Amino acid sequence: MDQNDPRGNHCHVDRNEPRSIPEAVSSLSPTEQVCSRELDVDGRDLFIHLLLSLRHFADAAVLWVLLKERADVKEFTTTSMLMSHVQLSGVLDRNAAKRSFKSLQEQSLIHVRIHRKTATLVKVDRAAVLQLLRRPLDGRLPGLSAKLFPFLDAWSEERGRCSSGIPSSWPDVDASPRGLEPVRSSSASEPQGGATPPPLN
């Protein structure tokens, strides 16, 4: 099976011979191992590459959401409020999301239409994004380097102690205008559980 990696190298990966995965990968040349790894990617890999290629967290986050919502296939309807508070869980504020729509459009990565000033219709230019991701990235960069160091062990232990009280994942939500509205946290001064605050002396 012939594959082409983003660096322009041509490699052949033979998948017909029955071997264990470690044995099969270790027997490949470095170029073939790059091809083998890049065939198996997920949303986390995509976000790391978008972040390092765009060099801007907000732009990478918004573009990642749009791709997740298949905006490269058909026009996606959203708003800056839904993007910031629902899809990105408040990590970006509404104005930052709005600026990212504008920035990505200026880079010709997306096309934006405003519908009656109530919704933003977005279409991702798939070819432009693929072209962006073809730019070579240094393997020493954060998120790409496989180097192990002592802090990783300490963090792993900490996560192991806390994992019982932290959900491993949150359910995905619909980010269209008909989806969930942003959840607003209650004020710190609001009494909890319906309790009546004690009278002031």
Side-chain angles (χ1 to χ4, degrees), residues 1-72 83-84 87-93 96-97 99-100 103-104 107-110 124-172:
M1 179 178 180
D2 293 332
Q3 302 292 340
N4 287 313
D5 71 14
R7 300 169 184 81
N9 298 319
H10 182 74
C11 60
H12 176 78
V13 180
D14 185 4
R15 300 186 181 280
N16 295 323
E17 184 178 355
R19 289 176 293 177
S20 67
I21 293 176
E23 180 185 356
V25 172
S26 63
S27 66
L28 299 176
S29 69
T31 299
E32 289 173 332
Q33 290 184 30
V34 168
C35 290
S36 177
R37 287 196 303 272
E38 292 180 348
L39 285 173
D40 183 21
V41 296
D42 59 21
R44 291 170 293 186
D45 297 316
L46 175 60
F47 179 70
I48 289 171
H49 280 74
L50 290 175
L51 178 61
L52 294 175
S53 298
L54 292 170
R55 303 180 183 183
H56 194 282
F57 174 79
D59 289 1
V62 169
L63 183 54
W64 184 91
V65 169
L66 294 172
L67 292 169
K68 177 177 72 74
E69 296 295 340
R70 304 176 70 244
D72 58 317
M83 177 63 71
S84 63
Q87 282 284 19
L88 293 173
S89 302
V91 172
L92 297 182
D93 62 32
R99 287 193 297 270
S100 287
S103 173
L104 292 170
Q107 297 177 69
S108 299
L109 295 172
I110 66 173
V124 174
D125 187 331
R126 177 186 285 188
V129 175
L130 289 174
Q131 181 65 33
L132 171 72
L133 295 173
R134 290 191 189 104
R135 298 175 186 173
L137 295 171
D138 195 312
R140 295 174 296 180
L141 289 170
L144 300 182
S145 173
K147 184 177 179 63
L148 301 177
F149 40 92
F151 184 79
L152 294 175
D153 294 330
W155 187 38
S156 178
E157 292 177 5
E158 180 71 15
R159 294 182 71 185
R161 288 194 296 267
C162 301
S163 61
S164 59
I166 300 178
S168 59
S169 62
W170 294 97
D172 206 353

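This is a predicted model, so every value here is computed, not measured.
The closest side-chain heavy-atom distance from Leu88 to Val62 is below 4.5 Å. A 4.5 Å side-chain heavy-atom check between Leu92 and Phe57 finds at least one atom pair inside the cut-off. Counting heavy atoms from C-beta on, the side chains of Met83 and Leu66 come closer than 4.5 Å. The shortest side-chain heavy-atom distance between Leu63 and Leu54 falls under the 4.5 Å cut-off. Side-chain contact between Leu104 and Val124: absent, with no pair of heavy atoms (C-beta onward) separated by less than 4.5 Å. For the pair Leu109/Asp59, no side-chain contact is recorded, criterion being any heavy-atom separation below 4.5 Å from C-beta on.
Scanning all heavy atoms of the two residues, the minimum distance from Lys147 to Leu152 falls at O-CD1, 4.0 Å.
For the atom pair CZ of Phe151 and CD of Glu158, the computed distance is 9.0 Å after rounding to the nearest 0.5 Å. Separating the CG atom in Leu51 from the NE2 atom in His49 is a distance of 11.0 Å, to the nearest 0.5 Å. Annotation: the span from Gln107 atom CD to Ser100 atom OG amounts to 9.5 Å, rounded to 0.5 Å.
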* **Audit row: Leu67, Leu46, side chain to side chain contact (heavy atoms under 4.5 Å, CB included) steps and yes/no** => CA-CA 10 Å; Leu67 292 169; Leu46 175 60; 4.0 Å; yes
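With sequence neighbours excluded, the residues satisfying side-chain contact (heavy atoms from CB on, under 4.5 Å) with Asp125 are His111, Ala127, Ala128. Leu52 is linked by a side-chain contact (heavy atoms from CB on, under 4.5 Å) to Ile48, Leu137, Leu141, Leu144, counting only residues two or more places apart in sequence or in another chain.
Side chain to side chain, Asp93 and Ser84 fail the donor-acceptor criterion of an N or O pair below 3.5 Å.
Residue pairs meeting the salt bridge (charged side-chain N to carboxylate O under 4.0 Å, His left out) criterion with at least one partner in residues 44-58, sequence neighbours excluded, are Asp42-Arg44.
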